[in-house]
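Working notes, beginning with the structure itself.
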Amino acid sequence: GPRVLVYVSCALSIWGDRMWHFALSVFLIELYGRNLLLTAVFGLVVAGSVLLFGVLIGDWIDRKPRNKVAHASLFLQNSSVTTCCIVLMLVFSYKNEIEGVWQGWLTVACYVAVIILADLASLASTALAITIQRDWIVVMTGDNRSQLAGMNATIRRMDQIINIFAPLSVGQVMTWASNVIGCGFILGWNLVSLLVEFLFLSKVYQLVPQLAAKPRRCTGDNFLKRQLELIKDQPSPLEAQQDMTSRFPLGLRQIQRLVRTCCDGWKTYCGQTVFLAGLGLAFLYTTVLGFDCITTGYAYTQGIGGSLLSLLMAISAFSGLVGTILFTRLRRSYGLVHTGLISSCLHIGCLLLCVFSVFAPGSPFDLGIFSLPLSGNSSLSHKMLKENPVHVSAFERNINQPILPGRSAIHWTNNTVLMDGAQESNQPESYVSIILLFSGVILARIGLWSFDLTVTQLLQENIADSERGTVNGVQCSMNYLMDLIHFILVILAPAPQQFGLLVFISIIFVIMGHTMYFVYAPQPQEKEPHVYINATAKIQTLTVRISQ
C-alpha cells in the first residue's frame, strides 16, 4: 500500500542523511588536518542557508505540483551528495598533488566545492522532508487524524532507531577500510536509494489521486495585494522596451519580489492560529540539555568515557521511542491539544533534575570564572588558571550545526572521534551531579518527543493546503535560528565551570516555549479552518476578476 511505500522511502532517505552527516563531519576534519574550522564553516553555512531560503523553499513547494517537487528535491539531494563524494575521493586520493597546484588554491577550491555541494544537499533534504512528512501524509490520511498521528509516530520511531545504526554502519566502513572507500560506500547507497525512492514515490503518487489535486495558492489578504501589485507592475510598451535595453532594473525587480515573498511568508506564518505552538517548539531548540556535542563534551570533562556514552545514547533512543508511544495513547484518550499540555509538564518536570545537578556534589559550577578574563594580564588570574585549568577545547569544537531535529548520534560520534586521546578527563569527586544531569536529559526525551509530535500534527491539521509548504519552511528557519542562539551561548561560556549557567538559560527557554503553548491551548479549535479560508479566497478572487 502507499503507506508502506512512504515508510520505506522515508527510511532510506533518513538512513542516507544520517550516514552522510556523520561521514561529512569526519571528512571535513580529516581534510583540514584534524582542525574544526571547515566543520564550523559548514555548520554556519547550512544554518544561514536555511534561515535565508527556508521561506523560498516553502513557497516553491506550494506553487509546484507535488510529484515534481518530490522528484526535484530527491534528485538534487542525491546528485549533490554523489558529486561531493566524488570530489572527496579525488582529494583524499591525490591530496599531495592537489596541494601543489596553483600554490594551494586548488585545495581551497575543493573545500569550497565540498561545502557548497553539501549545503545544496541539506537544502534539498529539507525540501523533501517538508514535502513528504508535512504534506503528502496529510493528504494520504485525509480526515482520519488517528491515521495521521500513527504515521507521524512511525516515522519518528524510524528516525530514532536509524540515528543509532546509520552512523555506526558507515563508521565501521571508514574504520576498517579508508575514507575513500567510505565515500564510495555512501556514493553507491545514494545511487541505489535515488532509484528506489523515485520509483516508490511515483507509485504513491499514482495510488493516491488526491496528491494530484493541489489547490492554487490564493488565500487571505496577501493574494489580493499580490494581484493588485501584478496589475500595477505590468509594464507599458515603452517600459518593456526599456527593460530590454537595461537588465539591471529587471534584476532589481526580481530581488524585490524575492524579498516580498519572504516577508509574505513570515506574515503568513505569524497569522496562523497555531503560531504560538510552532514558536514554542522552536524555543525548545535553544538548549544544551540534549544528546548533542555540547552535553557529551561536558560529560568528557567529567570523566565519562565513550563506552558509557554509547550506552546512554541507546537508552535515550529507547526513551524517545517511549515518547512516540505515549503520544499516540494520550492523543487517543485526551485529544491532541491536551496531549501537548501533559507532554509539556512531563518535559519540564524531568528537566528539573538537570537544575538540581548544578548544585549536587561533583558539579564544577563556579561563576567566579567569569572574572578571570576581566584581568587577563594580572598575575592572580594566571595563577588561578594554572591551579584550575579550564578545558575549553571540548566546547571550542562544538560549533557544528545540526541538519535535522534528531541530532544525537551524529554529534556524539563526532565528539568521540575528536576527543579520543585529545584530552585527559578529570575525575570528579562525586558522580551525583552527572548522574542527575543525564537522568533528566534521558527522561525528558519522553515528554519532548511527545510534545514535538503534538505540535507537528497541529501544524498539519490547521494550515491550509496552499500554505503548508510556506509555513513549514518558516518553521524550519525558526528552529535553526533558535539552535544558532544556543551555540552562540556556548561560545560565550565554553568552560565546564560555566555549564551550570547554560543549564539555567536552557531551562528558561524551555519554560518560555511551553508557556507559549499553554497560551495557545485555551484558544477555540476549529475543525476545518482551511475551508473558510478557501471560501473567502474564492470570493476575493471573483472580486478581483470583476474589477479587472
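Just so you know, these numbers use all the heavy atoms, side chains as well, and skip hydrogens, waters and symmetry mates.
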N78 and E197: CA distance, side-chain angles, deciding distance, side chain to side chain donor-acceptor pair (under 3.5 Å) verdict = CA-CA 11 Å; N78 287 272; E197 290 184 65; 4.8 Å; no
Ring pair (Phe, Tyr, Trp, His ring centres under 6.0 Å) between F283 and H514, intermediate numbers included | CA-CA 8 Å; F283 265 67; H514 287 302; over 10 Å; no
Does the side-chain contact (heavy atoms from CB on, under 4.5 Å) test come out yes or no for L453 and R331, once each step is laid out?
-> CA-CA 10 Å; L453 286 170; R331 194 207 64 83; over 6 Å; no
Could you go through the side chain to side chain donor-acceptor pair (under 3.5 Å) check for N152 and Q460 one step at a time?
-> CA-CA 10 Å; N152 286 330; Q460 292 171 332; 2.7 Å; yes
Given ring pair (Phe, Tyr, Trp, His ring centres under 6.0 Å), test Y517 with F451 step by step and report yes or no.
-> CA-CA 10 Å; Y517 183 82; F451 180 79; 5.2 Å; yes
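Summarising the geometry of R134 relative to V138, their closest heavy-atom pair is O-CG2, 3.5 Å, with the distance given to 0.1 Å. Contact detail for W189 and L12: the closest heavy-atom pair is NE1-O, 3.8 Å. Annotation for A444 and H347: closest pair O-CD2, 3.4 Å, computed over non-hydrogen atoms. When all heavy atoms are compared, the tightest approach of A121 to V81 is CB-CG2, 3.7 Å. G320 approaches Q160 most closely through the heavy-atom pair CA-OE1, 3.9 Å. What you find for F185 and M19 is that their closest heavy atoms are CE2-SD, 3.6 Å.
Atom CG of residue D17 and atom CZ of residue F22 lie 15.0 Å apart, to the nearest 0.5 angstrom. With rounding to the nearest 0.5 angstrom, the CD1 atom of I14 is 7.0 Å from the CD1 atom of I155. With rounding to the nearest 0.5 angstrom, the CG atom of L24 is 4.5 Å from the CH2 atom of W20. Distance check: L284 CG to M516 CE gives 9.5 Å after rounding to the nearest 0.5 Å.
Between W266 and Y269, the ring planes are perpendicular. Angles over 60° get that label, and only those under 30° would be called parallel.
Although no hydrogens or angles enter the test, the distance criterion places a donor-acceptor pair under 3.5 Å between the side chain of N190 and the main chain of I186. In terms of modelled atom types and a separation under 3.5 Å, the side chain of S450 and the main chain of I446 share no donor-acceptor contact. In this structure, S122 contributes its side chain and A118 its backbone to no donor-acceptor pair below 3.5 Å. The closest donor-acceptor contact from the side chain of S506 to the backbone of L289 lies at 3.5 Å or more, if one exists at all. Between the side chain of Q475 and the backbone N or O of L281, no donor-acceptor pair lies under 3.5 Å. The closest donor-acceptor contact from the side chain of N472 to the backbone of R468 lies under 3.5 Å. With T131 contributing its side chain and A70 its backbone, the two residues share no donor-acceptor pair below 3.5 Å. The main-chain N or O of I463 is never found under 3.5 Å from a side-chain atom of E467 such that the two would form a donor-acceptor pair. The backbone N or O of N479 lies less than 3.5 Å from no partner atom in the side chain of D483, so there is not a single donor-acceptor pair. S13 places no side-chain N or O within 3.5 Å of a backbone atom of S9 that could act as its donor or acceptor partner.
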List the atom pairs, with distances to 0.1 Å, where a side-chain N or O of residues 351-365 and a protein N or O form a donor-acceptor pair under 3.5 Å, not counting sequence neighbours.
residue, atom, partner, partner atom, Å
S357, OG, C354, O, 2.4
S363, OG, V358, O, 2.7
S363, OG, F365, N, 3.3

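Between the side chains of R157 and T324, at least one donor N or O sits under 3.5 Å from an acceptor N or O. For R3 and T154, the side-chain atoms include no donor-acceptor pair closer than 3.5 Å.
Evaluated for a side-chain contact (heavy atoms from CB on, under 4.5 Å) with W136, the options V204, V208, V69, I130 yield exactly one hit, V204.
Between L326 and L346 the shortest side-chain heavy-atom distance falls below 4.5 Å.
By the neighbour-count criterion of 12 heavy atoms within 6.0 Å, atom OH of Y334 is sparsely surrounded, having that number or fewer from other residues, nucleotides or ligands.
A search for ring-ring contact (aromatic ring centres under 6.0 Å, His included) contacts involving F27 returns F92, not counting sequence neighbours.
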